[in-house]
Asker: 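Below is one structure. I have some questions about it.
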Amino acid sequence: PLGYHVTIFEADPKAGGFMRTQVPRFRLPEEVIDEETGYILDLGVEFVGGRRIESMKSLLAENWDAVFVGCGAPRGRDLPIPGREEAAAHIRVGLDWLANVYFGHVAQVGRRVLVLGGGNTAMDCCRSARRLGGESVKVLVRSTFEDMKASPWEKEDAMHEGIPILDCRVPKAFLHENGRLVGMSFEVVKSVYDERGRRKLVPTGEPDEIHDCDEVLIAVGQENA
């Protein structure tokens, strides 16, 4: 409401930090972030960057009239299946990997890349991997193509860049030889829905698929940090 003093605290020194570091520039140019966060700041909102909130109790004790927590879920989920530890050197959690791409810590990928997941982060990972030199980049997702969480245009853009999306594949294991990642095995499933519309993944009985790879990007969900 007019007349209220509004302050935004963010651990990142710049407004829109999560969008800056974990959404690729080809999809969201930084100048667009500056423009849109500028609309908010130009209303008179105070921005305090570089302040990490370590204690909600301490924050509430500062006598604010209201506190809104909108920190999102910026931590990527891992995938603790057989072979994860043994082949860890070539397996990345997608959100962390995207941030490392942004900061320039990652400048290339393996020749054959598998991306696990069906959301927009998976689409960002596969398209970024293509731009970093991945010759064979595939997306494998547990759900059907129609049930993927990624926006329709994100899926279209990925496929337009020659990236196949293989649905109904459940990851079973990372395959490795002497600590080197060489591939992954997947169970082929189908979606079955009950009378309430709840989905259950049921094995089709087909043999497990093996997909060769040099690097895997995990984008199977996000959680609070």
Side-chain angles (χ1 to χ4, degrees), residues 12 16-30 32-33 36 69-81 84 90-103 106 109-110 112-132 134 136-172 174 184-193 197-202 209 211 213 215-225:
D12 194 277
F18 180 80
M19 293 185 292
R20 293 180 191 276
T21 59
Q22 292 171 317
V23 179
R25 297 283 70 79
F26 63 81
R27 189 159 79 83
L28 181 60
E30 202 151 3
V32 174
I33 301 175
E36 300 215 348
V69 180
C71 59
R75 175 182 292 164
R77 289 180 182 163
D78 209 331
L79 190 62
I81 59 176
R84 175 64 176 92
H90 299 286
I91 302 171
R92 327 288 181 194
V93 175
L95 283 177
D96 296 340
W97 183 80
L98 288 170
N100 283 322
V101 171
Y102 170 79
F103 286 114
V106 172
V109 293
R112 302 168 300 174
V113 181
L114 301 183
V115 178
L116 310 180
N120 285 338
T121 298
M123 300 300 101
D124 290 342
C125 285
C126 70
R127 297 178 67 197
S128 296
R130 175 70 85 194
R131 284 161 174 75
L132 291 176
S136 171
V137 180
K138 301 177 186 176
V139 175
L140 296 103
V141 58
R142 292 163 52 96
S143 71
T144 64
F145 182 83
E146 292 74 20
D147 286 338
M148 287 174 61
K149 295 181 179 179
S151 304
W153 54 89
E154 296 289 349
K155 295 188 286 187
E156 292 173 5
D157 287 345
M159 291 186 295
H160 182 71
E161 294 181 11
I163 300 171
I165 298 176
L166 308 179
D167 62 353
C168 296
R169 267 79 169 181
V170 175
K172 292 187 66 176
F174 297 100
M184 286 194 69
S185 63
F186 294 84
E187 183 177 44
V188 182
V189 298
K190 61 181 178 180
S191 291
V192 176
Y193 298 86
R198 293 176 298 190
R199 185 186 69 189
K200 182 179 180 180
L201 298 176
V202 178
E209 290 186 355
H211 291 267
C213 64
E215 192 161 348
V216 172
L217 305 177
I218 301 173
V220 295
Q222 297 171 217
E223 56 190 18
N224 293 333

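Values reported hereafter were calculated over all heavy atoms of this structure, with side chains retained and with hydrogens, waters and symmetry mates removed.
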Asker: Which atom pair, heavy atoms only, marks the closest approach of D96 to Q22?
Answerer: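 Nearest heavy atoms, D96 then Q22: N-NE2, 4.4 Å.
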Asker: Just verifying a value: how many Å separate S185 OG and E209 CD, rounded to the nearest 0.5 Å?
Answerer: 10.5 Å
Asker: How long is the span from the CD atom in E36 to the CE atom in M19, to the nearest 0.5 Å?
Answerer: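 The distance works out to 7.5 Å.
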Asker: With a 4.5 Å heavy-atom cut-off, do V113 and S136 have their side chains touching?
Answerer: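 No, their side chains stay 4.5 Å or more apart.
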Asker: Side-chain contact, heavy-atom cut-off 4.5 Å: R199 with L201?
Answerer: yes
Asker: With rounding to the nearest 0.5 angstrom, report the SG to CE distance, C126 to M159.
Answerer: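 Going from SG on C126 over to CE on M159, the span is 10.0 Å.
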Asker: Apply side chain to side chain contact (heavy atoms under 4.5 Å, CB included) to the pair I165 and M123, showing each step before the final yes or no.
Answerer: CA-CA 10 Å; I165 298 176; M123 300 300 101; 4.2 Å; yes
Asker: Yes or no on side chain to side chain contact (heavy atoms under 4.5 Å, CB included) for L132 and V106, after CA distance, side-chain angles and deciding distance?
Answerer: CA-CA 9 Å; L132 291 176; V106 172; 4.1 Å; yes
Asker: Are the side chains of F174 and H90 in touch, meaning some heavy atoms are under 4.5 Å apart?
Answerer: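 No, side chains not in contact.
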Asker: Give a yes or no answer on whether the side chain of R130 reaches the backbone of G162 with a donor-acceptor pair at less than 3.5 Å.
Answerer: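 Side chain of R130 to backbone of G162, a donor-acceptor pair under 3.5 Å: yes, one is there.
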Asker: Looking at R112 and E215, does any basic side-chain N land under 4.0 Å from a carboxylate oxygen?
Answerer: no
Asker: For T144, does its backbone N or O pair with a side-chain atom of D167 as donor and acceptor, under 3.5 Å?
Answerer: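 Here the side-chain-to-backbone pair does not exist.
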Asker: Does a side-chain N-to-carboxylate-O contact under 4.0 Å join D12 and R20?
Answerer: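 So D12 does not pair with R20 through a salt bridge.
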Asker: Can you tell me how far NZ of K138 sits from CG of L116, rounded to the nearest 0.5 angstrom?
Answerer: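 If we round to the nearest 0.5 Å, L116:CG and K138:NZ are 12.0 Å apart.
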Asker: Measuring from atom CG of L95 to atom CZ of R75, what distance do you get when rounded to the nearest 0.5 angstrom?
Answerer: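 The distance works out to 11.0 Å.
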Asker: Is there side-chain contact between E30 and Y102, with at least one heavy-atom pair below 4.5 Å?
Answerer: yes
Asker: What I'd like to find out is whether the side chain of V109 reaches to under 4.5 Å of the side chain of R92, using heavy atoms alone.
Answerer: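 SC-SC contact between V109 and R92 ruled out.
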Asker: Write down the atom of V216, the atom of C213, and the distance for their closest heavy-atom approach.
Answerer: CG2-SG, 3.7 Å
Asker: Would you mind reporting whether I91 and R84 have side-chain heavy atoms less than 4.5 Å apart?
Answerer: yes
Asker: Is any NZ, NE, NH1 or NH2 atom of the basic residue among R169 and E187 found under 4.0 Å from an Asp or Glu carboxylate oxygen of the other?
Answerer: no
Asker: Please name the pair of heavy atoms, one in V189 and one in R142, separated by the smallest distance, quoted to 0.1 Å.
Answerer: CG2-O, 3.9 Å
Asker: Could you state the interatomic distance from CG (L98) to CZ (F103), rounded to the nearest 0.5 Å?
Answerer: 12.0 Å
Asker: Ignoring hydrogens, what is the shortest heavy-atom contact between A129 and W97? Give both atom names and the distance.
Answerer: N-CH2, 3.7 Å
Asker: So, is the end of the K172 side chain (NZ or CZ) under 6.0 Å from the ring centre of F186 and within 45° of the ring's axis?
Answerer: no
Asker: Please evaluate residues I163 and V139 with respect to the criterion side chain to side chain contact (heavy atoms under 4.5 Å, CB included), reporting the C-alpha separation (whole Å), side-chain torsions for both, the decisive distance (0.1 Å), and the verdict.
Answerer: CA-CA 7 Å; I163 300 171; V139 175; 4.0 Å; yes
Asker: I want to check something: taking the side chain as every heavy atom from C-beta on, are R127 and E154 in contact at a cut-off of under 4.5 Å?
Answerer: yes
Asker: Quick check: closest heavy atoms across V115 and C125, and the distance to 0.1 Å?
Answerer: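 What the structure gives for the nearest pair is CG1-CB, 4.1 Å.
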Asker: When you compare the side chain of R198 with that of V192, does any pair of heavy atoms fall below 4.5 Å?
Answerer: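 Side-chain contact under 4.5 Å: no.
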Asker: Determine, for F26 and R131, whether the Lys NZ or Arg CZ falls below 6.0 Å from the six-membered ring centre while staying within 45 degrees of the axis.
Answerer: yes
Asker: Which pair of non-hydrogen atoms, one from R77 and one from I218, has the smallest distance, and what is that distance?
Answerer: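 Minimum heavy-atom contact is O-CG2, 3.6 Å.
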Asker: Counting only N and O atoms by type, is there a donor-acceptor contact under 3.5 Å from the side chain of R25 to the main-chain atoms of V23?
Answerer: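 Yes; at least one donor-acceptor contact below 3.5 Å.
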